[in-house]
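Scroll down for the structure; my scribbles are underneath it.
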Amino acid sequence: MTLTTIRKGSLLAVAIASLLASSAFAKVTVLGWPGGPEETALRAVTDVYNGRPDVTENDKVELLFFNRDGFWDKLQSDLAAGSKAFDVNLLATYSIGRYAPFMEPVELSDEAASVYGESVLKTMQYEGKQFGVPTDLSMHFMYYRKDLVEALMKDDAAKAKYAEISEKHLGKKLEPKSPDEWTWDDYAATALYFTQAINPDSPTRYGTVLQLKNLLFNMMVFQSLPRAYGGNWMDASGKITVNSDAYRKGLETYKLLYDAGATPSDSLSYEFAEANAAYTSGQVAAMMQWNAAASDLTNKEKSPTVADVTETVAPPAGPEGRFTHIHGLGFGLNKNAENKAGGQAFIKWLSSKEAALTYARNNGAPALTPEVVTEVAKERPDLVKLGEFASKYGYVMNGGTAAKALSVYELQAKEFTGYWSGQQSLDDALANTEKGMTELLK
């Protein structure tokens with residue numbers, strides 16, 4: 001064997017080793033949202049994808065999860081720093097503009113438009129380009145115990161007690177109504193009536209459960225209340241309008257319910273999981289919660305105490321109408337991905353009908369077209385309501401898609417929680433929020 005042959009052989013070996021170590025042979029790392037139904041659904045579709053015969057061993061998906069607290073700030077830092085720790089990452093409607101400079105547009109499947117519809121696909125678009133596949137539409141339902149409400153509405157003595165309680169705490173006599181006709185005052189009166197600290201005859205210990213933890217996502221649950229009274233972040237000229245009667249009404253309503261014991265005393269540490277746990281115990285009459293909870297709260301195996309008696313409606317109404325916060329979650333491609341081809345292939349499949357139905361059957365909340373949702377309507381009736389409520393009542397606050405939108409929610413969480421916990425006055429909470437938002441959204 002000549003020296004030239006040996007050198008050629010060595011170079012070939014180095015080239016093969018380099019190729020085997022290159023991104024073309026790396027697995028696809030997907031960064032997802034941890035700890036909720038979105039994780040459950042993502043794991044399910046990943047298993048299906050990895051089991052497909054056309055997916056090579058080196059293009060199979062591995063999942064990565066950050067902590068929920070600080071997730072979006074960490075993601076921005078990692079993307080801006082050119083991180084290669086993940087190929088595909090979570091996106092949200094309110095953050096696409098913030099991350100688009102560090103991501104690449106994606107190609108969806110030919111089925112995407114017929115599976116999701118153009119309006120839903122737009123929740124993952126920025127400046128006319130598709131930056132992700134929409135996997136979850138997030139909004140809020142009012143969950144309530146229909147057995148308790150129906151019994152209340154048939155009992156004259158209970159109605160009289162209800163009127164007495166509402167007059168004492170809300171300043172006006174109210175009559176029980178069907179939850180689909182509730183105003184926010186009706187919801188508050190019902191929560192107070194079904195609280196044993198106020199009504200010893202209540203079949204539940206608490207009338208409701210509020211998510212009061214200093215967490216930005218809890219502000220999204222809360223803000224539909226002030227929105228129903230005309231509240232918004234800013235007016236058409238850009239002036240911050242959060243220091244308003246509408247926000248005062250919302251904040252005071254939550255404070256009233258917390259101070260009266262209508263929600264557990266440790267609600268200041270509650271978010272999604274804790275609220276669900278309280279409700280499934282059977283000791284809560286009604287609560288505002290993300291639509292993502294519906295599949296668990298109405299599942300007889302997961303929530304045996306309440307599944308058969310739980311119903312959902314859109315959030316209560318105010319003088320300005322009925323509203324629900326709405327945003328989309330999805331997945332896009334990291335510009336610095338080591339396995340872009342594999343990441344793009346996963347995203348394309350994720351936008352297919354097969355993937356969407358698998359996601360829906362495993363606790364996910366995709367917004368599907370009427371033609372597609374019929375295939376899961378029996379097992380996931382909440383997805384039918386999801387599309388209906390979103391089109392009728394969905395909103396985004398003026399400024400809610402700004403680059404600093406998440407920082408606004410964080411500011412509100414800090415200041416509003418401070419008021420609810422008694423650490424500062426309502427005036428100070430609103431003044432501090434107004435000042436901070438003026439800086440963030442200028």
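All heavy atoms count here, side chains included; hydrogens, waters and symmetry mates do not.
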Give a yes or no on whether Arg205 atom CZ has more than 12 heavy-atom contacts from other residues, nucleotides or ligands under 6.0 Å away.
-> no

How far apart are the C-alpha atoms of Lys385 and Thr312, what are their side-chain angles, what is the distance that settles it, and do they pass the side chain to side chain donor-acceptor pair (under 3.5 Å) test?
-> CA-CA 9 Å; Lys385 290 184 177 181; Thr312 58; 3.1 Å; yes

Check His169 against Leu256 and note the closest heavy-atom contact, atom names and distance.
-> O-CD2, 3.9 Å

Does atom NZ of Lys159 have more than 12 heavy-atom neighbours, drawn from other residues, nucleotides or ligands, at distances under 6.0 Å?
-> yes

Rounded to the nearest 0.5 angstrom, the CH2-NZ distance for Trp420 and Lys255 is 10.5 Å

Is the closest side-chain donor-acceptor distance between Thr40 and Asn362 under 3.5 Å?
-> no

For Lys84, look at atom NZ and say whether over 12 heavy atoms of other residues, nucleotides or ligands are found less than 6.0 Å away.
-> no

Looking only at side chains, do Gln211 and Glu274 share a donor and an acceptor under 3.5 Å apart?
-> no

Before accepting this row, confirm whether a basic side-chain N of the pair Glu118/Lys122 lies closer than 4.0 Å to the acidic partner's carboxylate O.
-> no

Is the shortest side-chain N to carboxylate O distance from Lys353 to Asp110 below 4.0 Å?
-> no

With distance as the sole criterion, is a donor-acceptor pair present between the side chains of Ser421 and Thr417 under 3.5 Å?
-> no

Which distance, rounded to the nearest 0.5 Å, do you find between the OH of Tyr254 and the OG1 of Thr208?
-> 7.5 Å

Yes or no on ring pair (Phe, Tyr, Trp, His ring centres under 6.0 Å) for Phe389 and Phe141, after CA distance, side-chain angles and deciding distance?
-> CA-CA 9 Å; Phe389 293 171; Phe141 290 165; 5.6 Å; yes

Looking just at side-chain N and O atoms, do Ser265 and Tyr258 make a donor-acceptor pair shorter than 3.5 Å?
-> no

Check: Ser202 side chain, Asn199 main-chain N or O, donor-acceptor pair, under 3.5 Å = no

Have Thr324 and Ser224 got a donor and an acceptor in their side chains that come within less than 3.5 Å?
-> no

Please examine the side chains of Ile198 and Ile165, heavy atoms only from C-beta on, and report whether any two atoms are closer than 4.5 Å.
-> yes

Under 3.5 Å, is there a donor-acceptor pair between the Tyr409 and Gln223 side chains?
-> yes

Interatomic distance, Ile347 atom CD1 to Gln130 atom CD [nearest 0.5 angstrom] = 10.0 Å

Polar side chain donor-acceptor pair, Ser269 to Asp266, under 3.5 angstrom = no

Using atom types as modelled and distance alone, determine if a side-chain donor or acceptor of Asn363 lies under 3.5 Å from a backbone N or O of Ala41.
-> no

Worked check of side chain to side chain contact (heavy atoms under 4.5 Å, CB included) between Met103 and Asn334 | CA-CA 5 Å; Met103 303 186 69; Asn334 179 3; 5.8 Å; no

Does NZ or CZ of Lys60 fall inside the cone over Tyr49's six-membered ring, less than 6.0 Å from its centre and within 45° of the axis?
-> no

Is the shortest heavy-atom distance from the side chain of Tyr247 to the side chain of Trp233 under 4.5 Å?
-> yes

Can you tell me if Thr298 and Tyr143 form a side-chain donor-acceptor pair at under 3.5 Å?
-> no

Look at atom CD of Glu175 and say whether more than 12 heavy atoms of other residues, nucleotides or ligands are closer to it than 6.0 Å.
-> no

Assign the ring pair Tyr162 / Tyr193 to parallel, tilted or perpendicular, where the plane angle (0 to 90°) is split at 30° and 60°.
-> tilted

Heavy-atom nearest pair, Val115 first then Ala356, reads CG1-CB, 3.6 Å

Asn232 backbone acceptor or donor facing Thr241 side chain under 3.5 Å | yes

Asn339 and Asp59: side chain donor to acceptor below 3.5 Å | yes

Taking every heavy atom of Trp33 against every heavy atom of Glu39, the minimum-distance pair comes out as O-CB, 3.5 Å

Salt bridge (charged side-chain N to carboxylate O under 4.0 Å, His left out) between Asp308 and Arg145, worked out = CA-CA 9 Å; Asp308 285 336; Arg145 289 279 301 275; over 6 Å; no

Could you check Glu410 against Lys404 for salt bridge (charged side-chain N to carboxylate O under 4.0 Å, His left out), going step by step and ending with a plain yes or no?
-> CA-CA 10 Å; Glu410 290 173 343; Lys404 296 292 183 68; over 6 Å; no

Would you say the side chain of Thr135 lies within less than 4.5 Å of the side chain of Tyr359, judging by non-hydrogen atoms?
-> yes

So, the side chain of Asp136 versus the backbone of Pro366: is there a donor-acceptor pair under 3.5 Å, distance only?
-> no

Classify the ring geometry between Phe217 and Trp72 as parallel (under 30°), tilted (30 to 60°) or perpendicular (over 60°).
-> tilted

Is the side chain of Ser83 donor-acceptor paired with the backbone N or O of Leu79 at a distance under 3.5 Å, no angle test?
-> no

Can you tell me if Asp180 uses its side chain to pair, donor with acceptor, with the backbone of Val313 under 3.5 Å?
-> no

For the pair Glu104 and Lys340, find out whether any cationic side-chain nitrogen is under 4.0 Å from an anionic carboxylate oxygen.
-> yes

If every non-hydrogen atom of Ala228 is compared with every non-hydrogen atom of Phe323, which pair is closest and at what distance?
-> CA-CD1, 3.7 Å

Polar side-chain atom of Thr93 near backbone of Gly328 as donor-acceptor pair, under 3.5 Å = yes

Counting only N and O atoms by type, is there a donor-acceptor contact under 3.5 Å from the side chain of Thr123 to the main-chain atoms of Val120?
-> yes

Supply the atom-to-atom distance His325 NE2 to Met139 CE, rounded to the nearest 0.5 angstrom.
-> 10.5 Å

Pairwise distance CD(Gln283) to OG1(Thr280) - rounded to 0.5 angstrom = 11.0 Å

Do side-chain atoms of Arg68 reach the backbone of Pro34 as a donor and acceptor pair under 3.5 angstrom?
-> yes

Main-chain N/O of Ala246 paired with Arg227 side-chain donor or acceptor, under 3.5 Å | no

Test Val133 against Val106 for side chain to side chain contact (heavy atoms under 4.5 Å, CB included), laying out the working first.
-> CA-CA 8 Å; Val133 52; Val106 298; over 6 Å; no

Can you label the angle between the His327 ring and the Tyr94 ring as parallel, tilted or perpendicular, going by 30° and 60°?
-> perpendicular

Would you kindly check if the NZ (Lys) or CZ (Arg) of Lys335 is within the cone defined by 45 degrees around the ring axis of Phe102 and under 6.0 Å from the six-membered ring centre?
-> no

Any side-chain donor paired with an acceptor under 3.5 Å for Asn398 and Asp235?
-> no

Lys177 and Asp185: CA distance, side-chain angles, deciding distance, salt bridge (charged side-chain N to carboxylate O under 4.0 Å, His left out) verdict | CA-CA 11 Å; Lys177 296 179 184 176; Asp185 281 344; over 6 Å; no

Taking all atoms of both residues into account, what is the closest heavy-atom pair of Gly282 and Thr305, and its distance?
-> CA-CG2, 3.8 Å

Closest non-hydrogen atom pair, Gln289 against Ala275 = NE2-CB, 3.7 Å

Interatomic spacing from CD in Glu252 to CG in Leu257 - rounded to 0.5 Å = 12.0 Å

With under 30° as parallel and over 60° as perpendicular, where do the rings of Trp184 and Tyr187 fit, or are they tilted in between?
-> perpendicular

SB check Glu38 Arg43 (cutoff 4.0 Å) = no

